[in-house]
*Asks:* 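Quick one: this structure, given as structure tokens, is what I'll be asking you about.
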Amino acid sequence: MEERRQINRVGYLADAVIVTCDTFDKYYVKTDNVSPLGMGIIAPADMPEIVGKDVIIVAQTMIM
């Protein structure tokens, strides 16, 4: 049997905010390529390193 479903990404640009949980610093970013499995985020080049930190991402999404 052939699988008929597929998961596509949608070019959906929206504003978003990344907040670090320990210091509550806010970084304003853009979302891109939204899918049911996740989203791409475009961050400014001068944004500090957040790898390994606990973060909250607040973004507009769309119902698929």
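Everything numeric in this text was worked out from a predicted model, so none of it was measured.
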*Asks:* Answer yes or no: is there a side-chain heavy-atom contact under 4.5 Å between P44 and Y27?
*Replies:* no
*Asks:* Scan residues 38-59 for pairs that pass side chain to side chain donor-acceptor pair (under 3.5 Å), counting only residues two or more places apart or in two chains.
*Replies:* none
*Asks:* Roughly how far, to the nearest 0.5 Å, is the CD1 atom of I42 from the OG1 atom of T31?
*Replies:* 8.0 Å
*Asks:* Restricting to pairs with a member in residues 12-21, which pass salt bridge (Lys or Arg N to Asp or Glu O under 4.0 Å), not counting sequence neighbours?
*Replies:* D15-K30
*Asks:* Do I50 and I57 sit in the same hydrophobic cluster, where Ile, Leu, Val, Met, Phe, Trp and Tyr count as joined when their side-chain heavy atoms come under 4.5 Å apart?
*Replies:* yes
*Asks:* Between Y28 and V55, is there shared hydrophobic-cluster membership here, with clusters defined by ILVMFWY side-chain heavy atoms closer than 4.5 Å?
*Replies:* no
*Asks:* For K26 and T20, run side-chain contact (heavy atoms from CB on, under 4.5 Å): C-alpha distance rounded to whole Å, both residues' side-chain angles, the deciding distance at 0.1 Å, then the answer.
*Replies:* CA-CA 7 Å; K26 297 177 194 168; T20 57; over 6 Å; no
